[in-house]
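Letters go in sequence order (proteins before strands), and every chain restarts at 1.
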2 protein chains.
Amino acid sequence: MKNTNELTSALKQAGLRLTPQRLAICRFLAESKDHPTAAMIYEHLRPQYPSLSAMTVYNTLNTLVELGKVNVLGDCGDDHAHYDADTSPHINLACISCHRIVDIAIPQVEELDREVNRASGYQLLGARMMYYGLCPACQPSKVL
Amino acid sequence: MKNTNELTSALKQAGLRLTPQRLAICRFLAESKDHPTAAMIYEHLRPQYPSLSAMTVYNTLNTLVELGKVNVLGDCGDDHAHYDADTSPHINLACISCHRIVDIAIPQVEELDREVNRASGYQLLGARMMYYGLCPACQPSKVL
DNA sequence: TTCTTTATTTATAATCAATATAAATTTATA
DNA sequence: TATAAATTTATATTGATTATAAATAAAGAA
Ligand SMILES: [Mn+2]
Ligand SMILES: [Mn+2]
Ligand SMILES: [Zn+2]
Ligand SMILES: [Zn+2]
């Protein structure tokens, strides 16, 4: 989890202005428990910011990713990159049917993460762990 | 790890013919310890199969993914999907500088995997675990 | 063998998320 | 206010992947 302020202050510390558009994007990312795509963010904010451009969403997301405050999870069969404001190592569950991604708290991640950091030899910047399958809601339709 | 025969027999069991092109793609995937992209597979096989089409590479990869025999790791900053013939849960180390992906054996993955399968409520089909960072070879150039 | 049908590959065109570019707008500073 | 810099927006472009259809190869019948 990550609050709006962590994202906005990262932008400010990088010497960037906190515009209403950037604030709205940061707020949506921080408050969202989904893992939204750029298109989802754009569509969600458009009613409130009618002049919003998709380019601004992409630019802000890329900046936050470069600053290490947001992770790109990649697509889950929908050909859209999903973004995660929670950069701590954790398991994401992606449904290949409805394309929703949720988190699941697994304590064993911590020890795994320690071991990777100890043994890799890499200068590590972040982790993305995805499990793919059918969510409970989508299982009935596929089992029948 | 996965040998060529596991991939080819999966194609045959699905009622598909084992053509020379499909065999070559399966062999390259199984023998490769990299995590090649479609373009890398295409370029590697072209000398031996001058008439090979990129479409055949994409089609074969998609089929193997649908059969659950190959995983798509997604891109690691190079805008190319990387493929992994090892579908067992394991950690992939991706270098954000040279865009190479290697495996690292971490025993703790097994217990994590058991716990996810036990607790998720999903009908799980596979896992993709990526750590991002600078590989040993790329660290000097970035540290300077 | 031939003929016929089906599967597969290849060549080509199209898609579309993401990026690049430049004009319009906003903000900062003098 | 006027000038300059940063940002947003509108528009055009890119490029990996997909869609489509023609060419080829394989399978099966007679
Ligand atoms: Mn998450
Ligand atoms: Mn791997
Ligand atoms: Zn679902
Ligand atoms: Zn590297």
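Rounded to an integer number of Å, the gap from CZ of B:R22 to P of D:dA25 is 15 Å. Whole-Å rounding puts the B:L18 CG to D:dA26 P distance at 12 Å. The separation between B:L23 atom CG and C:dT9 atom P is 12 Å, rounded to whole Å.
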Under 3.5 Å, side-chain donor or acceptor atoms of residues 58-72 of chain A against the rest of the protein: list the pairs with distances, not counting sequence neighbours.
| unit_1 | atom_1 | unit_2 | atom_2 | d |
| --- | --- | --- | --- | --- |
| A:N59 | ND2 | A:M55 | O | 3.3 |
| A:T60 | OG1 | A:T56 | O | 2.8 |
| A:N62 | ND2 | A:Y58 | O | 3.4 |
| A:T63 | OG1 | A:N59 | O | 2.9 |

I'd like a table of donor-acceptor pairs (distance under 3.5 Å, sequence neighbours excluded) in which one partner is a side-chain atom from residues 101-109 of chain A, with atom names and distances.
| unit_1 | atom_1 | unit_2 | atom_2 | d |
| --- | --- | --- | --- | --- |
| A:D103 | OD1 | A:H35 | NE2 | 2.9 |
| A:D103 | OD1 | A:H90 | NE2 | 3.1 |

I'd like a list of close polar pairs between nucleotides 10-19 of chain C and the protein, N/O only, cut-off under 3.5 Å.
| unit_1 | atom_1 | unit_2 | atom_2 | d |
| --- | --- | --- | --- | --- |
| C:dT10 | OP1 | B:Q21 | NE2 | 3.3 |
| C:dT10 | OP1 | B:S51 | O | 2.9 |
| C:dT10 | OP1 | B:S51 | OG | 2.8 |
| C:dT10 | OP1 | B:L52 | N | 3.4 |
| C:dT10 | OP2 | B:S53 | N | 3.0 |
| C:dT10 | OP2 | B:T56 | OG1 | 3.1 |
| C:dT10 | O5' | B:S51 | O | 2.8 |
| C:dA18 | OP1 | A:A81 | N | 3.1 |
| C:dA18 | OP2 | A:Y58 | OH | 2.8 |
| C:dT19 | OP2 | A:N62 | ND2 | 3.3 |

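The environment of CD in B:E110 is sparse: at most 12 heavy-atom neighbours from other residues, nucleotides or ligands sit within 6.0 Å. Heavy atoms of other residues, nucleotides or ligands lying less than 6.0 angstrom from NE2 of A:H99 number more than 12. A:E6 CD: more than 12 foreign heavy atoms inside a 6.0 Å radius.
At least one donor-acceptor pair closer than 3.5 Å links the side chain of A:N3 to the backbone N or O of A:N5. Panel note: side chain B:Q139, backbone A:G121; a donor-acceptor pair is recorded below 3.5 Å.
Of the residues in residues 5-16 of chain B, not one comes within less than 4.0 Å of DNA chain D through any heavy atom. Less than 4.0 Å separates DNA chain D from no heavy atom of any residue of residues 64-75 of chain A.
Annotation: side chain of B:C26 is in contact with side chain of B:L11 (closest heavy-atom distance under 4.5 Å). A heavy-atom distance below 4.5 Å is not found between the side chains of A:Y131 and B:S120. Between B:L112 and B:M129, the closest side-chain pair of non-hydrogen atoms falls below 4.5 Å. The shortest side-chain heavy-atom distance between B:L52 and B:Q21 falls under the 4.5 Å cut-off.
At D:dA26, none of the side-chain N or O atoms of B:T19 fall inside 4.0 Å of OP1 or OP2 (strictly under the cut-off).
Taken to the nearest 0.5 Å, the CG atom of B:D86 stands 8.0 Å off from the CG atom of B:N92.
When the C1' atoms of four end pairs are superposed on the next four at each end of the helix from C:dT1-D:dA30 to C:dA30-D:dT1, using five pairs per end, the two resulting axes differ in direction by 20°, to 10°.
Contact between A:C95 and A:L134 at its shortest, heavy atoms only, is SG-CA, 4.1 Å.
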